[in-house]
Each structure stands twice: as structure tokens, then as C-alpha cells.
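Below, read A as the first sequence line, B as the second, and so on, with proteins coming before strands; counting in each chain starts at 1.
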Protein chains: 2
Amino acid sequence: MVTKQYTGSPDEADLTRADSLAREIFSDVANKWALLIIESLGEHTLRFSELRNEIEGISHKMLTQNLRMLERNGLVERTVHPTVPPRVEYTLTEPGQGLRETVDGMCGWTRRYLGHIEASRHHFDA
Amino acid sequence: MVTKQYTGSPDEADLTRADSLAREIFSDVANKWALLIIESLGEHTLRFSELRNEIEGISHKMLTQNLRMLERNGLVERTVHPTVPPRVEYTLTEPGQGLRETVDGMCGWTRRYLGHIEASRHHFDA
DNA sequence: CGGCATCCGTAGCGATACTG
DNA sequence: CAGTATCGCTACGGATGCCG
């Protein structure tokens with residue numbers, strides 16, 4: 001899928017367009033911060049500041065940037081409560097939930113192979 | 001999991017260490033090039049140059065760098081055939097295969113929501 | 001509180017070239 | 001063919017400050 005090159009055949013124009021779009025989406029989504037945000041949101045809906053506290057080490061800027069990107073792709077929904085001070089909440093949409101399931105898989109995988117990987121690292125670094 | 005902060009409680013020292021390690025692994029793995037390599041390898045074993053051709057747009061440098069990283073974490077195995085010219089092949093290890101399954105999930109997800117996402121983008125950009 | 005703009009350092013990444 | 005090293009440049013990402 002995401003890895004095929006454009007061979008130049010005119011018949012493949014649509015497939016190629018779909019592929020490059022897929023690749024674009026993949027590049028958007030396959031980054032540390034985006035995935036951590038998806039994972040943190042999970043079932044619940046969180047405020048900006050709550051996300052900031054939940055995700056260790058993320059900066060104000062990266063959080064907004066990635067939230068915008070996720071919103072643009074329709075993975076999170078942003079609702080602004082017109083109070084003062086403002087209250088902005090984020091939730092996963094249905095597509096976002098779908099992605100979250102696969103991210104859950106990655107987290108599970110990480111836990112399962114923690115020890116294995118740590119050992120491999122030590123071996124490699126020697 | 002990967003998102004919890006260190007609360008300072010001494011009882012949680014081990015959990016915290018495990019978490020930060022998990023986070024480290026997650027950061028290694030949750031990047032575009034690493035995931036594309038994992039996905040490209042899939043079932044088969046590929047040579048360096050084959051990977052380079054398979055993955056559109058990856059540079060020589062990024063490929064070696066990520067392959068080293070994946071090897072270090074024990075996700076890919078690197079076998080050198082002492083021929084001339086040299087022939088170096090890469091395969092997914094068992095943990096690597098495990099990760100690949102979740103990446104497959106992400107790719108499937110991308111395909112499923114391609115149209116939805118494209119629409120959302122157009123709506124957002126207006 | 002949350003968002004946007006600005007400034008600025010660092011490191012990510014590509015291009016090139018040299019070895020076994 | 002594959003790997004390592006070096007040199008740049010860009011763009012990512014953090015810090016700060018000002019608005020609604």
C-alpha cells in the first residue's frame with residue numbers, strides 16, 4: 001500500500017493518487033505526539049490543559065499543532081464552551097476511535113516485549 | 001501507560017522506570033520511516049537496495065539509521081552474506097512480526113477512512 | 001484558559017564522497 | 001552493494017509574549 005512507487009502507467013493514475021493520499025495521512029498520523037494524543041483521549045473527552053498534563057513532555061505548541069492536524073483530518077472533535085475563562089474540550093470521533101484501537105495494539109505490544117527489547121539493546125550496545 | 005507522569009511516590013519507582021522505557025521504545029517505533037520499513041518487510045526478507053526501492057522517498061541515510069535502530073531493539077535481523085559484491089538481508093524477528101500486525105491495522109484503517117478524511121480536510125480548509 | 005505569532009537553537013535529513 | 005563520515009540547510013520544536 002503506502003510504499004508503492006509511481007510507475008508512470010496512466011491506468012494507475014487513480015490508484016497512485018489514492019496511494020499518495022494514504023501516504024500523506026500515514027505520515028500525519030505515524031508520529032509520536034499524534035499517537036500519544038489519540039491514546040490519551042481514549043474513551044473520555046479531555047480539556048487542552050488536561051491533555052497537557054496527561055502527556056509527559058509535550059509542549060504547548062506541539063499539542064496545539066497536533067490537535068489542529070487531527071481535527072483537520074477529522075479524528076478529533078473540538079468543542080469550545082463560550083465561558084470565561086474559555087473551556088475547550090477534545091474527543092475522538094468515530095474514525096479516531098478506529099485508529100485508537102490500533103494504537104492500543106501498539107501499546108500492548110510495547111508492554112509485551114519490554115523485557116525482550118531491553119535485553120536486545122544491551123546486547124547490541126556491547 | 002505511556003502517558004503517566006512520575007508522582008514521586010517511592011513505591012512506583014519500578015513502574016515509572018518501566019513506563020519511561022516503554023515511552024522510549026514507543027518514541028523509537030512511532031515514526032514514519034520505522035513503521036514503513038516494518039510494513040515493507042512484512043513476511044519476506046529484503047535486501048537493503050530492495051527496501052530502498054520499495055519505500056518511496058526514503059534516503060540512503062534514513063534507511064540505514066532506522067534499520068540500525070530496529071536492529072538494536074531486536075525487531076529486525078540483519079544477515080550479511082560475505083560475497084562480492086556484499087549482500088545484506090533484513091527480516092522481521094518475532095517481536096517485529098508482532099509489531100507488524102498492529103501496523104497492518106493502521107494501514108487497513110487508513111484505507112477504510114481515506115474518503116472520510118479527505119472530505120474532512122476539504123471541509124476544514126474552507 | 002487556550003490560541004497564535006515570533007524568535008532562535010538544535011537535530012533531522014538530504015547530498016556527496018570515500019572505504020571494504 | 002552496503003556502510004560510514006562530513007557538510008550544509010531546513011524545519012522542527014521549545015520558550016516567550018500578547019490577545020480573545
For Asn66(B) and dA11(C), give me the distance from atom CG to atom P, rounded to whole Å.
-> 17 Å
For Asn53(B) and Ser49(B), indicate whether the former's side chain and the latter's backbone hold a donor-acceptor pair under 3.5 Å.
-> yes
Side chain Thr102(B), main chain Gly98(B), donor-acceptor under 3.5 Å | no
Of the candidates dG14(D), dC13(C), dC1(D), the side chain of Met62(B) sits closest to dC13(C)
Candidates dG20(D), dG13(D), dC13(C) - which lies nearest the side chain of Pro86(A) | dG20(D)
Euclidean distance, atom CG of residue Leu67(B) to atom P of dC13(C) [Å, nearest integer] = 14 Å
Can you check whether any acceptor in the base of dG3(C) is under 3.5 Å from a donor in the side chain of His60(A), or vice versa?
-> yes
Distance check: side-chain N/O of Arg87(B) vs OP1/OP2 of dA2(D), anything under 4.0 Å?
-> no
Is Arg78(B) near enough to dA2(D) that one of its side-chain N or O atoms lies under 4.0 angstrom from OP1 or OP2?
-> no
Given dT6(C), dC1(D), dG3(D), the nucleotide with the shortest approach to the side chain of Lys61(A) = dT6(C)
Decide yes or no on side-chain contact (heavy atoms from CB on, under 4.5 Å) for Ile55(B) and Trp33(B), but give the supporting numbers first.
-> CA-CA 9 Å; Ile55(B) 304 175; Trp33(B) 294 132; 3.9 Å; yes
Note: Asp19(A)-Arg23(A) ion pair, threshold 4.0 Å (strictly below) = no
Of all the nucleotides listed (dG14(C), dG2(C), dT6(C)), which has the minimum atom distance to the side chain of Arg47(A)?
-> dG2(C)
Rounded to whole angstrom units, what separation is found between the CZ atom of Arg52(B) and the C1' atom of dA15(C)?
-> 11 Å
How many angstroms lie between atom CD1 of Ile37(B) and atom CG of Leu51(B), to the nearest 0.5 angstrom?
-> 6.5 Å
Measure the acute angle between the ring planes of His116(B) and Tyr113(B), then classify it against the limits of 30° and 60° as parallel, tilted or perpendicular.
-> perpendicular
In whole angstroms, the gap separating P of dC13(C) from CD1 of Ile55(B) amounts to 14 Å
For the helix from dG2(C)-dC19(D) to dG20(C)-dC1(D), figure out the bend between the end axes, five pairs an end, and round to 10 degrees.
-> 40°
Whole angstrom is fine here: how far is it from CE in Met69(B) over to P in dT4(D)?
-> 15 Å
Which nucleotide in the list dG3(D), dG3(C), dC1(D) gets nearest to the side chain of Arg68(B)?
-> dG3(D)
Does Arg100(B) offer a backbone N or O that forms a donor-acceptor pair with the side chain of Trp109(A) under 3.5 Å?
-> no
Distance, rounded to the nearest Å, where His81(A) contributes NE2 and dG20(D) contributes C1' = 18 Å
Value in whole Å for how far the P atom of dG3(C) lies from CG of Leu70(A) = 13 Å
N/O (side chain, Tyr90(B)) to phosphate O (OP1/OP2, dG3(D)) under 4.0 Å | yes
Side-chain ion pair, Glu118(A) and Arg121(A), N-O less than 4.0 Å | no
Can you check the Gln65(A) CD to dA5(C) P distance for me, whole Å?
-> 12 Å
Of the candidate nucleotides dG13(D), dA2(D), dC1(C), which contains the atom at the shortest distance from the side chain of Val88(B)?
-> dA2(D)
Side-chain atoms of Ser49(A) come closest, of dG2(C), dC1(D), dT4(D), to dG2(C)
